[in-house]
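Data block below; observations after.
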Amino acid sequence: MSVTAFLTDSTLCIGCKACEVACKEWNGIEGDGLDWSGFSYDNTGAVGASTWRHVKFVERAPVPGLGGNAGEQASWTFSSDVCKHCEQAGCLEACPTGSIVRTEFGGVFIQPDVCNGCGYCVTACPFGVVARNEQDGRAFKCTFCYDRQKVGLRPACAKACPTESIQFGEIDELREKARLRLEELHRRGMDDAAFYDPTHTSVRGTHAMFIIRGDPRTYNLPPSPQVPTIYLKKGWRSSALAAGLLLGGTLLALLTDGRSGR
Amino acid sequence: MSDPVPLGDLVPGLERERRLAEIRREAERRGKLDVVGGRPPGAPFPQATPETGYYKIPLLKEPPWKWEIPLYFFVGGAAGAAAVVGAIADYTGVDRKLVKHARWIAAAGSVISPVLLVADLGRPARFLAMLRVFKPQSPMSMGVWTLVGFSSGAAAAAFAGFLSDRYGPSLPLRWLENAGQAASLAFGLPFSNYTGVLIGATAIPVWNRNVGDLPLHFAASGLAAAVGMLELMGHGKNRALQALGLGAGIFESWEGLRIEGRSDPHLDPLKHGASGWTTRTGGVLSGPVPTILRLLSALGGKRRSASLRRWAAWSAIAGSLITRFAWIRAGHASARDWKLPLEIRSE
Amino acid sequence: MPGLGTSFGRGGATTAQQDLSNADAILIMGSSMAENHPVGFQWVMEAREKGAKVIHVDPRYTRTSAMADIWLPLRAGTDILFLGALVNYVLENNREFREYVVHYTNASAILREDFRDTEDLDGLFSGWDAPKNKYSPESWLYQGAPSKETGGEKAGHSDVGGGHGKDRGGEAQDASQFESDPTLEHPRCVFQVLKRHFSRYTPEMVERYCGVPEDVFLKAADAFSSASGPERTAAICYAVGWTQHSKGVQIIRTASILQLLLGNIGRPGGGILALRGHASIQGSTDIPTLYDILPGYLPMPLFESDSHQLEDYIKKHSTRTGLWSKFDHYFVSLMKAYYGDGAAKDNDWGFHWLPRITGDHSHFGYWLDMADGKLEGLFVMGQNPAVGASNGRLERKALAKLKWLVVRDMVETETASFWYASPEVERGELSPETIGTEVFLFPAAGTAEKAGTFTNTQRLLQHREKAVDPPGDARSEAWFMYHLGRRIKEKAKNDARSRNAGLRALTWNYSVEGLHTEPKVDEILEEINGYTLPGRVQLTKIKELRNDGSTACGAWIYCGVFPEPGHNRANERNPRDLLGHGWGFSWPNDCRIIYNRASARPDGQPWSERKKLVWWDEEKKEWTGLDNPDYEKNVAPDEPANIHSGTGIKALGGAKPFILHPDGVGWIYVASGLKDGPLPAHYEPLESLFHNPLYRQQTNPGAQKKERPDNPYAESPGDPRFPYVLTTYRLTEHHTAGGMTRTLSHLAELQPELFTEISPELAAELGLTHGDWATITTPRGLVEARVMVTPRMRPVRIDGRVLHQVGLPYHWGYRGQVTGDIVNDLLAISEEPNVRIMETKALVCNLVPGRRARGSAARQQLDAQLGRTA
Ligand SMILES: Nc1nc2c(c(=O)[nH]1)N[C@H]1C(S)=C(S)[C@@H](COP(=O)(O)OP(=O)(O)OC[C@H]3O[C@@H](n4cnc5c(=O)[nH]c(N)nc54)[C@H](O)[C@@H]3O)O[C@H]1N2
Ligand SMILES: Nc1nc2c(c(=O)[nH]1)N[C@H]1C(S)=C(S)[C@@H](COP(=O)(O)OP(=O)(O)OC[C@H]3O[C@@H](n4cnc5c(=O)[nH]c(N)nc54)[C@H](O)[C@@H]3O)O[C@H]1N2
Ligand code: SF4
Ligand code: SF4
Ligand code: SF4
Ligand code: SF4
Ligand code: SF4
Ligand SMILES: [Mo]
């Protein structure tokens, strides 16, 4: 069983949203509401409890050199977003019920029968991915198509993608592929092509990696996401100090003057 | 109708394209344009850029918690601190009544807390899922186990105390009472403040930025509330409580000053908007108001002193409650901030 | 698709989508391929990744433009000017593929002396018959061809009927006889005429009237033409951004000329890919749902000229040389499939039972009749004209004049609910109480609920299984038609009137299966493929068809799809190569790239190693290669041609790839078969803001405006009330009239509301902010839409003046999870002369801030608006 990953290459994405719809179809997820956002052609906004794949439409004042293919074409870029399946996953670390597990494929999976809807994972995800379902309160996000992978199928979104913008495969191979692709893009004059896989932060890399154009922030990708467990040490130290002070203070107060109130 | 747009700038061709982009950018930014022959486009259209992020759509999801959780924070804080006060009061052999009242507060908290959690989860059975695992890296898991320990201890102590009061002391009851009290002390200490770690160790900027302060802050707030409750239960003249209340009040005042004094944008939700005002209200009621009232009560006559302390107690309790709501609201506001998680500086 | 049909011989895409990945340059124009053919677009992406230049020409910057190397924004409706300039660029710079042009096209043919070009007659060709409002195309013929005077009835054109029946170039027998000059120097040879014809189509004109800057145009022209030649090939993709114009066929013709000049037809990575719309829209012209052709592009007989003798009909439509020399084989086999034993030599194979065309019975033709109360009942199956057809108000009001209406659909469409939910009801123009139309809504089985075959954009037949039984009363089309036919036949059995003779003779004996007594679709396909009679041995190739009644075949071009019982080639699922052999069946004869003889030099060897496809195997003495040869397998390249006296395909010799044409070559110049000229010329859209910069003739002379009080037009050119150009189009997220997408939450949520795309500059002029409401008006109606201000729309400078273009996707209606105004209420009914399609891509409009009125106030607003235009 190999450790798998996604490499979503936005330079190949045509914004057809087939991935978004395929995911909903396969997983039987509800629609997300029928509001017009006005944000380019993106009316679903972000990944969430009822959208596990989400295609972003990066519309900007045309920037020469940011076009789909050529060094001189104005840009409108698309990128399909998904749970990052972090190497060090905030949601998984935080989950108090053990509902969130790492699968044999390296993905981060919420067991829907275990999740109790505490919502803690929601606050623990540095990518704003997982969310609680309005109806029953449980948390949902991309399953990495665990059910499909189990039986040797590609995730539905990757399968639906017509242009292989979503590539699925063995993680190390994909990282190597990404490296070569980046070299190629740079050679073609797309100097701003970049690889997004935050290995340098406490997240320690993801199983959903991206090739993007320009600044990751344009795609709502945080430059340096951190897994919240890094705050634990400081927090518990402060908690211990607080306990100590509470204990000491109370002792002191009551020892010196316990009876005065009588 | 105004002049025709100079089309040379509007059709592609690398140089023209670049220039068009510049013109549009500038118009976007300043709402006006000085380039010769240029004219600002009327309606800015939403854009995705390194400066605006993805249409300013927040990256993070808001915490899904509603009123149950901040109330739980408050109840747990007060109960935990009360258990500590009760146990120490017992060990130091003080007033039995104080011990008993403190235990009641702890016991009440130990019952209300799980109820609030269940209310948040929606179904009692869901609470049991929490007990599937013991997970040190999850503050919520640790918190739940603390709650379980604390609730059992506090309830046992109160129950045994109640029985021995009613039917006379007996050895097993004594043991139960002692064991319960020891547990409620041991668990009460973290129980009073672990919620600070709970929200501190998250992706929400305003919380994780304050992770080093939150447990202390919540402990002080919990203590102040516990003290206030005891005072209102007839321990209004207890000097130890007065001292503890004063200590908590001073700490809270310092906490308020710390927040106000720093210009870190991460702290904005604590200072601006609805969450800012809630924080300030909670802070004033927790810090300066009870502190000053307590100091004044030391000066005045007996009657006035008692009433001032009652006011201080009320203020501290209210402050403690509002503070927890304030932090949760600040968390929401912080999650809605599209800039910080993307490390975009405010202008 | 007479644009392709007259140029090359067949009305179908010349290549397969997979083959696009072999291209060195791809011009996408008149389509937003990434949005509307996303799956096929993967091959464009693959070509791009291999280094091909992708060029997109579109008034809007679309998802396709975003993937392109070069995007050229153009004023809607100026495609011929743009493409003509490309042709001119190729000729001026000697970029043509000379050898290909000389051998494989009619560039060398010499025209008659009395032919006059648009250059001579200011926008008209010789033969314009002003009183009759049509061309008499006699003078377009070649020098040396028998003329009307000498050739009798044969030359010329039919009066009624669309152009579908003329896909092969009409009564083109005479086109095989002409004088020619292989040096291409003769002043009246096609090549020289072409040069003169397009000489004023210059980059300056493109900049000035298309709005495409000269430097960008030149860059694109160079990129495209330098990707052509022996070593390289370039492809063109188009869809309805070209076809839905009052001169759509001629736009495609211009592209065909370009590809013939560059030698890009029949070669890998070349070709013209007509991107067709619905899943089996190619199938529905092959085995037509059209009124003017029979299966396999056999013309439907006309009331007057074809009524009498089968002999005349066959003579008129067959050619002496080329594949159409076997016209009678195809026709007789079809009759045998229809009538079985009832079709015999002594009753002209049942020819007299066929209906005759008496007039314009295209969609708009009969709809206008309906509006005038001349139609009693209507079947609407798999269509939603209340939303999808131009002049929606007229279309819907016409429905109210019917006695009965049958709608078969999977949802209750706007068409089925017009009588209580249409804007006309809201405005008080119609009311359910007074509408006499009885509406029957039949639930239709969806695609997964029935088995059968699609023919897609690349002529590929693919069979699909039934996944589940349809729910409730829902039934397949096959079920409906079969049982309807059965019942009608039942009635006819006891009705001895002679008009029922054909119905009684019709074979209608498919076996049925399953719970719902569905006809067996395999049996139908077996019949379409054809078999011998009386033995019923399946045919394996077109050559086996006979004209003596010993074969039956439902559509000659599909012959070979079902070569033996149980062997449905459309159901093959094992692709062996890039072109997909082994997956489905591509007509004709499973050729994936047609006219592929042109991929080899006249001597039979590939033009280059890199671009080889089909070649002559000297040892085996046959054509071989990477595709099935679209040619006589054993005719050697050096087989001499005998066009002037030979018969059949053999007469074309071994070096003429376009075997459906009587002369075996691709037609740069179409002497016969089109109603609006042998060469394309730029005309302005029917509604335009500008004078035709090239000729005094403003619009396509053959186009019909169908102007009437309920189908009014803006003044043209330059109606001051409608200062913007309007174009309509699709979004990936929805499908056409929306019945299949606005009803599904997963799709509805992706584009929940009608919006109009305008540039920041226009928004500034009108004081509109992104997200505001605006009302768009034309002489026909008004719709409201949310304003999407985007730099992807940009003004173009035309003739010194700034022109704003307004974009409107057309998917919304009044039913479904998301609703919105019907954009087609803005459009006029109009007819292109050859295929009678409407103009949806280039109109004029006004745009005013704010929403439209509701309820009965909407009526007043509309009246005021229409009154203003009257
Ligand atoms: N997702 C999706 N796919 C579809 C469909 C659908 O509704 N949704 N419909 C199917 C059907 S039925 C069809 S026919 C095809 C149609 O496929 P397309 O032809 O690609 O469809 P459109 O979007 O109508 O028009 C294409 C482009 O033409 C541009 N255009 C407008 N005016 C002009 C002009 O004057 N010149 C040029 N060169 N371009 C112009 C428009 O801006 C638009 O981008 O798509 C099929 N595929
Ligand atoms: N303004 C403007 N107007 C246009 C165009 C444009 O570009 N601009 N494009 C034109 C073009 S190219 C086209 S093709 C038309 C399309 O216009 P229409 O053909 O009128 O619209 P559709 O929505 O495709 O209608 C198909 C219907 O068939 C139903 N259906 C699907 N499958 C089945 C089935 O198996 N059986 C039955 N019985 N029904 C089924 C669907 O639910 C749907 O309601 O619109 C045309 N109109
Ligand atoms: S992106 Fe968020 S939800 Fe996904 S694995 Fe990482 S932390 Fe968990
Ligand atoms: S909501 Fe569910 S998945 Fe998330 S932390 Fe709680 S139990 Fe775990
Ligand atoms: S992997 Fe599966 S669950 Fe995740 S986004 Fe793709 S289709 Fe959806
Ligand atoms: S399916 Fe592929 S091409 Fe389409 S939007 Fe998703 S990632 Fe992009
Ligand atoms: S809907 Fe069907 S025909 Fe259209 S792109 Fe998708 S797969 Fe192709
Ligand atoms: Mo279509």
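To find a chain, count down the sequence lines: A is the first, B the second, and so on, and within it residues start at 1. No experiment lies behind these values; they were computed from the predicted model shown.
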Under 4.5 Å from any heavy atom of chain A - which part of [X]:
{"X": "B:L185", "result": "side chain"}
{"X": "B:Q242", "result": "neither"}
{"X": "B:W145", "result": "neither"}
{"X": "B:V85", "result": "both"}
{"X": "B:P341", "result": "backbone"}

Checklist line | Step-by-step side-chain hydrogen bond (donor to acceptor under 3.5 Å, both in side chains) determination, B:Y55 to A:D42 | finding: CA-CA 10 Å; B:Y55 307 112; A:D42 178 359; over 6 Å; no

[X], part contacting chain B, at a heavy-atom distance under 4.5 Å:
{"X": "A:V227", "value": "neither"}
{"X": "A:L241", "value": "both"}
{"X": "A:Q226", "value": "neither"}
{"X": "A:C125", "value": "backbone"}
{"X": "A:T123", "value": "both"}
{"X": "A:R132", "value": "side chain"}

Next item on the list: Evaluate whether atom CZ of B:R132 has more than 12 neighbouring non-hydrogen atoms of other residues, nucleotides or ligands under 6.0 angstrom away.
Entry: yes

Checklist line | Over 12 foreign heavy atoms within 6.0 Å of CD, A:E30 | finding: no

Check: B:E343 and A:S224: side-chain donor and acceptor closer than 3.5 Å?
Finding: yes

Any donor-acceptor pair under 3.5 Å from [X] side chain to [Y] backbone:
{"X": "B:K135", "Y": "A:C95", "value": "yes"}
{"X": "B:Y54", "Y": "A:L221", "value": "no"}
{"X": "B:W65", "Y": "A:C118", "value": "yes"}
{"X": "B:K61", "Y": "A:A131", "value": "no"}
{"X": "A:N220", "Y": "B:G53", "value": "no"}

Can you name the nearest heavy-atom pair linking [X] to [Y], along with the distance?
{"X": "A:A253", "Y": "B:A240", "value": "O-CB, 3.4 Å"}
{"X": "A:L246", "Y": "B:V84", "value": "CD2-CG2, 4.0 Å"}
{"X": "B:A129", "Y": "A:V114", "value": "CB-O, 3.8 Å"}
{"X": "A:A242", "Y": "B:P215", "value": "CB-O, 3.8 Å"}
{"X": "A:F39", "Y": "B:P46", "value": "CD2-CB, 3.8 Å"}
{"X": "B:E62", "Y": "A:V122", "value": "O-CG1, 3.6 Å"}

Check: Yes or no on side-chain contact (heavy atoms from CB on, under 4.5 Å) for B:D213 and A:S238, after CA distance, side-chain angles and deciding distance?
Finding: CA-CA 7 Å; B:D213 282 63; A:S238 163; over 6 Å; no

Notebook entry, point to check: Are the side chains of A:R138 and B:R126 in touch, meaning some heavy atoms are under 4.5 Å apart?
Noted result: yes

Item checked: Min side-chain heavy-atom separation A:Y120-B:S141 under 4.5 Å -> no

